[in-house]
Amino acid sequence: MLRVFCFLLPSPALLLALLEELEALRVPMTREQYILATQQNSLPRIENPQLYPVGIYGWRKRCLYFFVLLLLVTMIVNLAMTIWILKVMNFTVDGMGNLRVTKKGIRLEGISEFLLPLYVKEIHSRKDSPMVLQSDRNVTVNARNHMGQLTGQLTVGADAVEAQCKRFEVRASEGEKVLFSADEDEIIIGADRLKVTGTEGAVFGHSVETPHIRAEPSQDLKLESPTRSLIMEAPRGVQVSAAAGDLKATCRKELHLQSTEGEIFLNADIIRLGNLPMGSFSSSPSSSSTPRQTIYELCVCPNGKLYLSPAGAGSTCQSSSNICLWS
């Protein structure tokens, strides 16, 4: 750091006046004048006057002139260095260098570095340029209360962006709608549409509560649990619909459709149950030609397995109940 010390030195005119005053003191005085100036008038007067020089003379005078010359040279060098520093640092009436003092505050143009803490109320950039905060390690923004306690912190590092606060919010450009908010209790996403573009989809460790799940246009919606069960429940019903495609539900072991109070209603033009055992009907056990059976009865085992039994005048499920023993 360059420090300049300015001394208050007398001006050249004042020095010249001082020298003239000293020269005036060398006017020779008679002994009579000297005696009259120093003693009373009653002393006897000496008739033979002698001259006594009064003032600075000899080596003292030379030292005085040398000292005055040294001060003059120091003043000139100090003034030249001050002018040079003012020119190099670009001191003006409005400020210094890139720093300008305006009515609204302090304005910095270009790249600025602060080695010590900076305390300001508001920082904003110009309308036509962005504001960049750059650091070799990280950029940390702290918020404190009136007691100096840390209430919020935002750290932008090379590996991650960390925010420590009681509540984190992301608002829309208008500032009214909350797009994302998070606190210790819940996370709220306020966007009109939540879109997950990852190839693995969305993974939820616990339950998911939503009023509507919909796929993109011309895309399939798939709900899958690779190793566990998939449960959908609602107190007033669950509706699964495919307006322009197929609805497919597959499982490895068992598929349960359960209604505790109402009924399960399947409404379709054709309802097909595949891989069911086909029954056969014979009018006489000894008949060589067995007529073809075309009508069957749908039966159910105690374990829930469905099978077909030849239709008759009454139910034939009891006579074909040995099929349940095979399952």
Side-chain angles (χ1 to χ4, degrees), residues 186-187 189 191-327:
E186 62 180 2
I187 296 177
I189 300 177
D192 296 335
R193 177 182 297 179
L194 176 61
K195 187 175 182 180
V196 181
T197 59
T199 56
E200 299 296 332
V203 179
F204 300 96
H206 299 281
S207 61
V208 179
E209 182 178 353
T210 176
H212 191 192
I213 298 177
R214 182 181 60 184
E216 289 287 337
S218 68
Q219 298 292 333
D220 296 334
L221 176 62
K222 185 177 182 180
L223 302 177
E224 181 180 1
S225 177
T227 58
R228 292 295 185 270
S229 302
L230 179 61
I231 301 175
M232 293 186 296
E233 60 181 8
R236 299 186 62 181
V238 177
Q239 180 180 359
V240 181
S241 62
D246 299 334
L247 178 61
K248 184 178 181 181
T250 60
C251 64
R252 181 177 178 84
K253 292 185 178 180
E254 297 179 356
L255 176 62
H256 295 274
L257 299 178
Q258 181 180 1
S259 177
T260 56
E261 296 182 359
E263 61 182 5
I264 298 176
F265 180 68
L266 301 177
N267 185 10
D269 295 338
I270 299 175
I271 298 177
R272 294 181 179 179
L273 300 176
N275 298 328
L276 295 179
M278 300 296 293
S280 59
F281 175 78
S282 176
S283 58
S284 174
S286 61
S287 176
S288 59
S289 61
T290 303
R292 184 178 181 183
Q293 181 70 27
T294 58
I295 300 174
Y296 298 90
E297 180 182 1
L298 180 62
C299 302
V300 58
C301 295
N303 59 359
K305 183 179 180 180
L306 300 178
Y307 65 94
L308 295 178
S309 178
S315 177
T316 60
C317 292
Q318 295 295 333
S319 59
S320 302
S321 60
N322 55 349
I323 298 178
C324 297
L325 300 177
W326 301 343
S327 59

Q: Compare every heavy atom of Y307 with every heavy atom of I323, then report the nearest pair and how far apart it is.
A: CD1-CD1, 3.7 Å
Q. What distance do T316 atom OG1 and L308 atom CG have between them, rounded to the nearest 0.5 Å?
A. 9.5 Å
**Q.** Over all atoms of both residues, closest heavy-atom pair of S309 and C317
**A.** OG-N, 4.0 Å
(Q) Taking atom CG as the centre, does D220 end up with more than 12 heavy-atom neighbours from other residues, nucleotides or ligands that are less than 6.0 angstrom away? (A) no
Q | Closest non-hydrogen atom pair, K248 against T250 | A | CE-CG2, 3.4 Å
